Every structure is written in C-alpha cells, then in structure tokens.
Amino acid sequence: MRATVRQLNIFASVARNLSFTRAADELHLSQPAVSMQVKQLEDEAGLPLFEKTGKKIQLTEAGQEMYNYALSIKQQFREIGDIMSALKGVQRGHLAISVATTANSFATAILAAFTREFPQVTFSLDITNRKSLLDQLMHNETDLVIMGQPPADLGLVSKAFMDNPLVIIAAPDHPLANNTSVIPWSQLKDETFVVREKVSGTRIAMERYFNSKDIKLKTAMETTSNSAIKHAVSANLGLGLVSLHTLELELLLNRLAILNVEDFPIKRQWHVVHTKSKRLSPVAKAFLQFLDSDKAKPLLQFNYPTFKA
Ligand code: PGA
C-alpha cells in the first residue's frame, strides 16, 4: 500500500471523531480536503473505510483495521520523536500538553515560567474536555495532561499540584450578591444556573454536589465555555459555578460577585497525568520536576476570597 502518513493522520482524526466536519476543524483543513485524502486512502485500500447510517458515519471492518494500524503507526512516530529528543536532551525538546478547558486560565503562565528555565523548548497546547483528554492519554497522543481527578481504573499516573476551588458566581446586582451572612445551601434550589457541558469536570462536580443535597439543578443555558458562563451570569441569566481560576479579571473589574454559600468553595485539585506505560521524554520529566519545584510555587498559590462577616 502506498498510503502517506498525512492520509493516515487525517483518516485517524475522522475515525476518532466519526465526523468529517469535526476532523476538518481539528486539523484546520477544509472538509473537501479531508474527504479527498480519505477517498485516496480508500482507493489505495480498495475497500470503503466508512459507511453511512442515516446522517452518521461509522467505520467498516476494513476501516477499523486501518484505524488500529493508523494509531500504532502514529505511536511509532511519536516514539521516534521522543527518542530523538532524548538524544538531544531537554534543551531542544518539544512538549505536547493537553489541558482541561478551565486549566487554560493558568496553563500558559506555567508554560511561560518553564520556558524561562528552558528557553529552547517548544510546546503544543491542546485545550479540550475531559473525555477527549482521556482518549488522548489512552491513544498516546500527548505527553502530559492537566485535568481534575482522573479515573482510578485506567492505569494512569497522576499527581495533584494545585487547588481548584469551585465557587458560585452572580451578577453584582443580584439580590444574593449583597447578602452579608452565609447563604444556606438550601437557597440554591430556588436558583437557575448557567452550566458547563455534561462531560466537563466542573459540571460533574456540580452535579455531584446537587445530588448529594437532593436538589434538582435548574439550568438556563449549557455551554462549553467558561467565558460564556461569565458573560451570561453578569447579564443576570442565572447563577454560575466555576473555578476560581477563571475569575481573576472579572473580580478585579467588579463584573461578578462570588456568593458566600455554605459548603463553598468546593475543593477540587488539578492533577498532572500520564499513562503508566508512557515513555516520558526529558522535557516531560523536566516539566514534572518544575511543577514540584520552588520556582513553580508562586504560580500555584492564589488568594481565596474573603467575605464580610
Ligand atoms: P473542566 O475542568 O470543567 O474545564 O473540564 C476540568 C476539571 O475540573 O476536571
């Protein structure tokens, strides 16, 4: 077969997303370009790789085989890259890091501080949801992941390195924002919330909290974006529950208020994660050591809000 690595990469993205459109977005290509590459691969294989059921596509048996090989070829390429960077040492390596949407609020500051130690290291930073982070780990598509508590049953190595307090926010003119005493959690059942998508770590923690109190979560809007939540909350569309990490500017500018609700903040932690079988590159090892070092400490601490008594 005369398939190219590019064709296999494009095919693997369509197979993972089960969508030509999403693969085109992911790869920053046009949809016709993606379709053409997959078509050429199908011509080489002499078999269809996808079949259509209604509006959805799925892999054919040949497609599934091709996908397994495409993943293992991609993995081999990554391993060559890792070995080459090991031979070059940390100085000139590359770190592929994938972080949860919320971690975007602080990840670049950490990368910038790491770059001051190793100026020639380059990065790729993927910002995505929890499910996709776990997929990337399982398919060895990234060096390190920053996420909330990872599942215990996937053979992952993880280390907590920073708090992730979740707080309830409101527009500054919301009646609860001027409450001087602690707001009992039972008052949350009268409120409507602007929430993250179901696969977000923040949303999962939120649902867990509401379930533990037997409160039905009333939602006004669901979105994949923390900024959209903040805009919607400041426009009084509802209350929001977000990580304190996302609020620095809004609190400074007085665009949002943190509510002093009983039980809050919910205390979560950020973890840096890789698979047990991952052969860590020198850069990835240096990054883990950096997170543990005194140099990173100032970046990993922040002020909790204080409330009027
Ligand atoms: P997220 O944050 O809500 O942006 O996915 C990750 C997490 O808290 O686990």
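Order of appearance sets the numbers: ligands from 1, and atoms from 1 within every ligand. No experiment lies behind these values; they were computed from the predicted model shown.
At the shortest separation from atom 8 (O) of ligand 1 among protein heavy atoms lies Arg268 NH1, 2.4 Å. The nearest heavy-atom contact from the protein to atom 6 (C) of ligand 1 is Ala100 CB, 3.4 Å. The protein heavy-atom contact nearest to atom 2 (O) of ligand 1 is Thr102 OG1, 3.6 Å.
Residue Arg196 touches ligand 1 through its side chain alone, judged by heavy-atom distances below 4.0 Å. When non-hydrogen atoms are compared, ligand 1 lies under 4.0 Å from the side chain of Asn164 (C-beta onward) but not from its backbone.
Within a 6.0 Å sphere centred on NZ of Lys213, heavy atoms belonging to other residues, nucleotides or ligands number more than 12. Counting heavy atoms of neighbouring residues, nucleotides and ligands inside a 6.0 Å radius, atom CZ of Arg78 exceeds 12 of them.
Between Thr202 and ligand 1, at least one N/O pair is under 3.5 Å apart. For a threshold of 3.5 Å applied to N or O pairs, the pair formed by Ser200 and ligand 1 contains at least one separation below that value. For ligand 1, the polar-atom distance check against Gly148 finds a nitrogen or oxygen pair separated by under 3.5 Å.
Just one residue in the list Val182, Asn179, Val167 forms a side-chain contact (heavy atoms from CB on, under 4.5 Å) with Asn260, and that residue is Val182.
A distance below 6.0 Å separates the ring centres of Phe193 and Phe210.
Looking at Pro165 and Lys267, their side chains never come closer than 4.5 Å, going by heavy atoms from C-beta outward. Between Glu61 and Glu51 the shortest side-chain heavy-atom distance does not fall below 4.5 Å.
When Gly201, Ser225, Ser105 are checked for heavy-atom proximity to atom 5 (O) of ligand 1, Gly201 turns out nearest.
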- Message: Between Asp25 and Arg22, does the salt bridge (Lys or Arg N to Asp or Glu O under 4.0 Å) criterion hold? Intermediate values first, please.
- Response: CA-CA 5 Å; Asp25 283 350; Arg22 281 201 294 272; over 6 Å; no
